[in-house]
Amino acid sequence: MSRAQRKMDHINYALTAGQGAGTMFEDIRFVHQALPGLGVEDIDLRPKTGDLNLKSPVFINAMTGGGGDHTEKLNGMLARVAKETGMAMAVGSQMSAIKDRSERPSFKVVRKENPDGIIFSNLGSEATFDQAMEAVEIIEADALQIHLNVVQELTMPEGDRDFKGALERIHHISESLPVPVIVKETGFGISYETALKLAGTKVAAIDASGYGGTNFAKIENERRAKKLDYFQEWGIPTAAAIIEVKKAFNGIVLASGGIKNAQDIIKSFVLGADAAGLAGSFLKTAIDEGESKLIESVFELHEDLAMMMTALGAGNIRDLQRCPIVISGNLGNYLIARGFD
Ligand code: FNR
């Protein structure tokens, strides 16, 4: 099977079999503030993300790797949405374009459509420093995402089986690359222990990318005869993963994994995240409803964020991170079991 076909399968299965539930956001309750002392006009949605320079607290997370016309069309569309709405955008894995120059146009379109936007490159942790440089150069990226996807690889019949040396490569790349490095999961979550290892590198940001949204174990299981069922409910729920990362890492914390609406985003920020990435949910709107509807829904998302921040008395994202919340249910039990309460 070609790489382009595999990437198409990912998109199709992500829209059908691969959407999960179980972020544990449902176990978080806000504490309403009846005297917020500010108005909707006072809300500043710009996140404090240092070198990442984000203008919107929401970004389009990586999803369109592989080459081909279809990827080029989808990347072009997402890049225009990013430009119109001020969101940063990550491309999908660029390894295909590094190995095969003919696949580069499907990535370069992103810079062509959005010359001044914030764009993230994307590669797996098997990438070398030279490959990282090349990925950044192809789209003149402002940062590089390195994805960790052990469970996806193990579930893929043709996937990797050896994960040695990843931390050392990340260390080297984060020390020498001229742009900031973001390390992300792909929907199974980053633990406290993993974040602690990354805290010993020069990585600028960690995207917790937890369980509860796009589920690559389910997606890959759709493509194989003998299913690895035990991976289908594997992973750290997104709400827990944000807390795990925040405990171990002082840099920028990004939230992703099953984030669908303004409520999920605000909950991520109250848990300590600085910005939130959406992949599956944006992909679904893009494919089912088209470009202008996706742009409209992002503007609505920004409005909803400002409304909720007003009701919480939080003028900006830093204020939100200090808002009181009540955590109960499975998330409460999880935190006690992990000794995080
Ligand atoms: C992804 N994701 C992903 N991540 C990555 O780092 N490199 C990649 O190439 C891809 N490819 C990809 C394809 C498709 C079709 C989807 C839906 C997703 C993972 C993505 O960035 C994110 O971490 C997870 O999907 C969890 O977020 P959502 O989808 O639940 O919002």
Side-chain angles (χ1 to χ4, degrees), residues 3-23 25 58-67 70-71 74-75 78 87-98 103 106-107 110 120-127 132 135 141 143-153 156 159 170 181-190 205-220 222-223 235-239 241-242 245 254-261 264-265 268 273 275-287 301:
R3 190 186 289 263
Q5 181 56 46
R6 191 170 82 220
K7 299 293 172 183
M8 278 308 299
D9 281 356
H10 283 170
I11 290 176
N12 292 331
Y13 290 130
L15 293 171
T16 51
Q19 286 300 315
T23 54
F25 281 131
V58 189
F59 64 95
I60 304 176
N61 221 346
M63 54 185 147
T64 45
H70 190 84
T71 304
L74 195 56
N75 265 339
L78 294 173
M87 288 190 296
M89 168 185 173
V91 296
S93 177
Q94 292 170 267
M95 197 50 101
S96 60
I98 286 177
E103 297 205 353
S106 62
F107 291 98
V110 168
F120 304 153
S121 273
N122 186 290
L123 284 175
S125 59
E126 73 283 8
L144 168 73
Q145 287 184 330
I146 300 180
H147 64 258
L148 308 178
N149 66 340
V150 171
V151 172
Q152 182 188 3
E153 293 291 343
M156 246 194 274
I170 290 170
V181 171
I182 303 163
V183 172
K184 73 185 285 287
E185 239 292 344
T186 52
F188 300 93
I190 302 266
I206 299 179
D207 179 344
S209 202
Y211 175 89
T214 302
N215 184 330
F216 270 101
K218 281 193 184 156
I219 292 171
E220 298 299 348
E222 288 290 323
R223 302 174 53 241
I236 306 169
T238 297
I242 297 166
V245 172
L254 304 173
S256 75
I259 295 181
K260 291 180 293 297
N261 53 36
D264 295 341
I265 295 171
S268 306
L278 282 71
S281 148
F282 281 160
L283 182 67
K284 190 165 169 34
T285 309
I287 289 183
L301 200 56

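Every number for a ligand or one of its atoms is a count from 1 in the order of the listing.
Looking only at heavy atoms of the protein, atom 7 (N) of ligand 1 is closest to N122 OD1, 3.2 Å. Of all protein heavy atoms, the one closest to atom 20 (C) of ligand 1 is A62 O, 3.2 Å. In terms of protein heavy-atom proximity, atom 25 (O) of ligand 1 is nearest to T214 CB, 3.3 Å. Protein heavy atom closest to atom 11 (N) of ligand 1, with residue, atom name and distance, is M63 CA, 3.6 Å. Nearest non-hydrogen protein atom to atom 23 (O) of ligand 1 is S209 OG, 2.7 Å. Of all protein heavy atoms, the one closest to atom 31 (O) of ligand 1 is A279 N, 3.0 Å. Given atom 4 (N) of ligand 1, the protein heavy atom at minimum distance is K184 NZ, 3.0 Å.
A donor-acceptor pair shorter than 3.5 Å can be found between the side chains of N75 and T64.
Considering T186, N122, D207 as possible partners of H147, the one that fulfils the side-chain hydrogen bond (donor to acceptor under 3.5 Å, both in side chains) test is N122. In summary, of the residues considered (L144, V110, I182, V181), a side chain to side chain contact (heavy atoms under 4.5 Å, CB included) with S121 occurs for L144 alone.
Scanning all heavy atoms of the two residues, the minimum distance from L78 to A286 falls at CD2-CB, 4.5 Å.
Heavy atoms from both the backbone and the side chain of T186 come within less than 4.0 Å of ligand 1. Under 4.0 Å from ligand 1, heavy atoms of S93 appear from its side chain as well as its backbone.
At least one heavy atom of F216 sits less than 4.0 Å from an atom of ligand 1. In this structure, E185 has a heavy atom closer than 4.0 Å to ligand 1. Residue contact annotation: S281 has no non-hydrogen atom under 4.0 Å from ligand 1.
Side-chain atoms of S268 never come within 3.5 Å of backbone atoms of A276 as a donor-acceptor pair (strictly under, hydrogens ignored). Judged by distance alone, the side chain of S209 and the main-chain N or O of K184 form no donor-acceptor pair under 3.5 Å.
Nearest to atom 27 (O) of ligand 1 by heavy-atom distance, out of G213, G280, G257, is G257.
For ligand 1, the atoms lying closer than 4.0 Å to a non-hydrogen atom of G258 are 28 (P), 30 (O), 31 (O).
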